[in-house]
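Here the structure comes first, spelled out in structure tokens, and everything after it is commentary.
Chain identifiers are assigned alphabetically (A, B, ...) following the order of the sequence lines, protein sequences preceding nucleic acid strands; residue numbering begins at 1 within each chain.
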2 protein chains.
Amino acid sequence: MIISPRLERLRDAGYKLTTARATVLGVIETHEGHMTSAEILDEVSKRDSSIGRASVFRTLDLLTRLAIIRPTYTSGSATPTYVLMPDGHHHHIVCVQCHQTIEFEDCGLGVLSERLEAEFGVKLTGHLLEFYGVCGDCSEAGVVDDEG
Amino acid sequence: MIISPRLERLRDAGYKLTTARATVLGVIETHEGHMTSAEILDEVSKRDSSIGRASVFRTLDLLTRLAIIRPTYTSGSATPTYVLMPDGHHHHIVCVQCHQTIEFEDCGLGVLSERLEAEFGVKLTGHLLEFYGVCGDCSEAGVVDDEG
DNA sequence: ATCCGTATTGAGACATGGTATCATTTAACC
DNA sequence: GGTTAAATGATACCATGTCTCAATACGGAT
Ligand SMILES: [Zn+2]
Ligand SMILES: [Zn+2]
Ligand SMILES: [Zn+2]
Ligand SMILES: [Zn+2]
């Protein structure tokens, strides 16, 4: 079992470091990008076929509660894609036509985060910022032609 | 059929104004807040029981593509909640323990939005900003006790 | 190293959420 | 009112996630 720094955050929070949890997190860390649950299940199974389906979902839920990953709606279908939050935050642009995502880094939301903590008496551990619109490819293709 | 300004955006985009679409949007507009698909299905059915399940989902998808609503994962990863984007944006804090959401208004993201449009050649129509952490109630309750 | 108590697990039945198909209906345009 | 393609509803279907519970394994104590 590989114990990554992120995995240790589970132990710090009082959870056991199990093979199932290490494997799921390992898969997500390796992939670095959005993954559907199907992809995660598949890859986990390849690495250790003894890990059960339920544990994968339980781990995804746990990692979400610990703000290590975050489910987001990018694909047209019902399925969320899970994305790692390397430093507690993640930002992207989603094309509402083709569902492609463009990732970007800087957000400048630190100040707002602190203000919100004070204002609402919460402890914030991360954020997700998602812009949506139509990407260059799709506007050229003229999927929605509402001008002219 | 009530034709709200938002509904006209469907026609402007080349879609027909149907009873099913008007009803679904009407339900979401009336509720003003996060709704699960189950709640939407239920309420739509109350207003017009002839409207089929599939059309509700088709309309949710369409409204999402038009950036009128946005699905977000507030309660774990199972079911998204759909939320109206009154002025193209929506912002909230999600408690990762109890899944309660706290809505807030000001984001100051207009500048960043314009910069991204220029940088990536996209046309942005809205954004979702989601902070997560632990709300006051949950930290008092000490659901995760990792200090001291 | 071994033992113990409890969190966690895996299997699989189950529930829920969303989609595909297709004959029928309806909005939009004239 | 007539035409036509988009949209619909019914329903069967599939995918995704959850529940239960006996079995297992982690982590701390010895
Ligand atoms: Zn696109
Ligand atoms: Zn950020
Ligand atoms: Zn909200
Ligand atoms: Zn905003």
Side-chain angles (χ1 to χ4, degrees), chain A residues 1-3 7-8 10-25 35-45 47-66 69 71-82 99 143-145, chain B residues 1-3 7-8 10-25 34-45 47-66 69 71-82 99 143-146:
Chain A
M1 177 164 66
I2 299 162
I3 300 186
L7 190 59
E8 301 212 317
L10 299 208
R11 179 159 51 201
D12 295 346
Y15 298 96
K16 294 185 177 176
L17 299 197
T18 68
T19 306
R21 286 170 176 167
T23 306
V24 171
L25 181 54
M35 292 184 89
T36 63
S37 63
E39 289 166 341
I40 295 170
L41 283 166
D42 192 51
E43 184 60 28
V44 166
S45 187
R47 297 196 189 184
D48 185 339
S49 63
S50 75
I51 294 172
R53 171 185 189 68
S55 287
V56 173
F57 281 106
R58 281 187 287 237
T59 301
L60 290 176
D61 192 57
L62 177 59
L63 293 175
T64 299
R65 272 185 287 129
L66 294 176
I69 63 170
T72 75
Y73 181 101
T74 59
S75 56
S77 74
T79 319
T81 59
Y82 299 87
H99 306 125
V143 178
V144 173
D145 185 9
Chain B
M1 177 163 68
I2 299 162
I3 300 186
L7 189 59
E8 301 213 318
L10 299 209
R11 180 157 51 200
D12 295 346
Y15 297 96
K16 294 185 178 178
L17 300 197
T18 68
T19 307
R21 286 170 176 169
T23 307
V24 171
L25 181 54
H34 294 245
M35 292 184 88
T36 63
S37 62
E39 289 167 341
I40 295 170
L41 283 166
D42 192 52
E43 184 61 28
V44 165
S45 186
R47 296 195 188 183
D48 185 338
S49 62
S50 75
I51 293 173
R53 171 187 187 67
S55 287
V56 173
F57 282 106
R58 280 188 286 237
T59 301
L60 291 176
D61 192 58
L62 177 59
L63 293 175
T64 299
R65 271 185 288 129
L66 294 176
I69 63 172
T72 75
Y73 291 95
T74 58
S75 51
S77 53
T79 312
T81 59
Y82 298 86
H99 305 129
V143 178
V144 173
D145 185 8
D146 58 348

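One interatomic measurement links the two molecules: CG of A:Leu10 to P of C:dT9, which rounds to 10 Å at whole-angstrom precision. Atoms CZ (A:Arg21) and C1' (C:dA7) sit 8 Å apart, rounded to a whole Å. Here D:dA15 presents its C1' atom at 14 Å from CD of A:Glu39, a figure rounded to the nearest Å. In this structure, A:Arg11 places its CZ atom 8 Å from P of D:dG28, rounding to the nearest Å. Put simply, CZ on A:Phe57 is 13 Å from C1' on C:dT16, counting in whole angstrom units. Between A:Tyr15 atom OH and D:dG28 atom P the separation is 16 Å, expressed in whole Å. For the pair A:Asp61 CG and D:dT18 C1', the computed distance is 11 Å after rounding to whole Å. To the nearest angstrom, C1' of C:dC4 lies 11 Å from NZ of A:Lys16.
Counting only heavy atoms from C-beta outward, the side chains of A:Thr81 and A:Met35 never approach each other to under 4.5 Å. Residues A:Arg21 and A:Lys16 form a side-chain contact, since some pair of their non-hydrogen atoms from C-beta on lies under 4.5 Å apart. Counting only heavy atoms from C-beta outward, the side chains of B:Thr64 and A:Tyr73 approach each other to under 4.5 Å.
Residue B:Ala54 is in base contact, counting any heavy-atom pair closer than 4.0 Å across all strands shown. Contact annotation for B:Pro80: backbone-only contact, meaning every heavy-atom pair under 4.0 Å involves sugar-phosphate atoms and none involves a base.
Interface remark: the A:Arg58 side chain does not form any donor-acceptor pair with the D:dG17 base, using a distance-only criterion of under 3.5 Å. In terms of polar N and O atoms assigned as donor or acceptor, the side chain of A:Arg53 never comes within less than 3.5 Å of the base of C:dG12 in a complementary pairing.
Under the 3.5 Å distance criterion, the side-chain polar atoms of B:Thr59 are matched with a main-chain donor or acceptor of B:Ser55.
Distances were taken from every side-chain heavy atom of B:Ser37 (C-beta onward) to each of C:dA28, C:dG10, C:dG18; the shortest belongs to C:dG18.
At least one side-chain nitrogen or oxygen of A:Tyr82 sits closer than 4.0 Å to the OP1 or OP2 atom of D:dG17. Phosphate proximity of D:dG9 to B:Ser55: present, with a side-chain N or O under 4.0 Å from OP1 or OP2. OP1 or OP2 of C:dT9 lies within a sub-4.0 Å distance of a side-chain N or O belonging to A:Thr18. Applying the 4.0 Å criterion to OP1 and OP2 of D:dC26, one finds that A:Thr19 has a side-chain N or O inside that range. Dashed line: the shortest gap from a side-chain N or O of A:Thr79 to OP1 or OP2 of C:dG18 is not under 4.0 Å.
With 3.5 Å as the limit, one finds no donor-acceptor pair spanning the side chains of A:Thr79 and A:Thr36.
Between B:Thr36 and A:Val56, the residue anchored closer to the 5' end of DNA chain C is A:Val56, taking for each the nucleotide with the nearest heavy atom.
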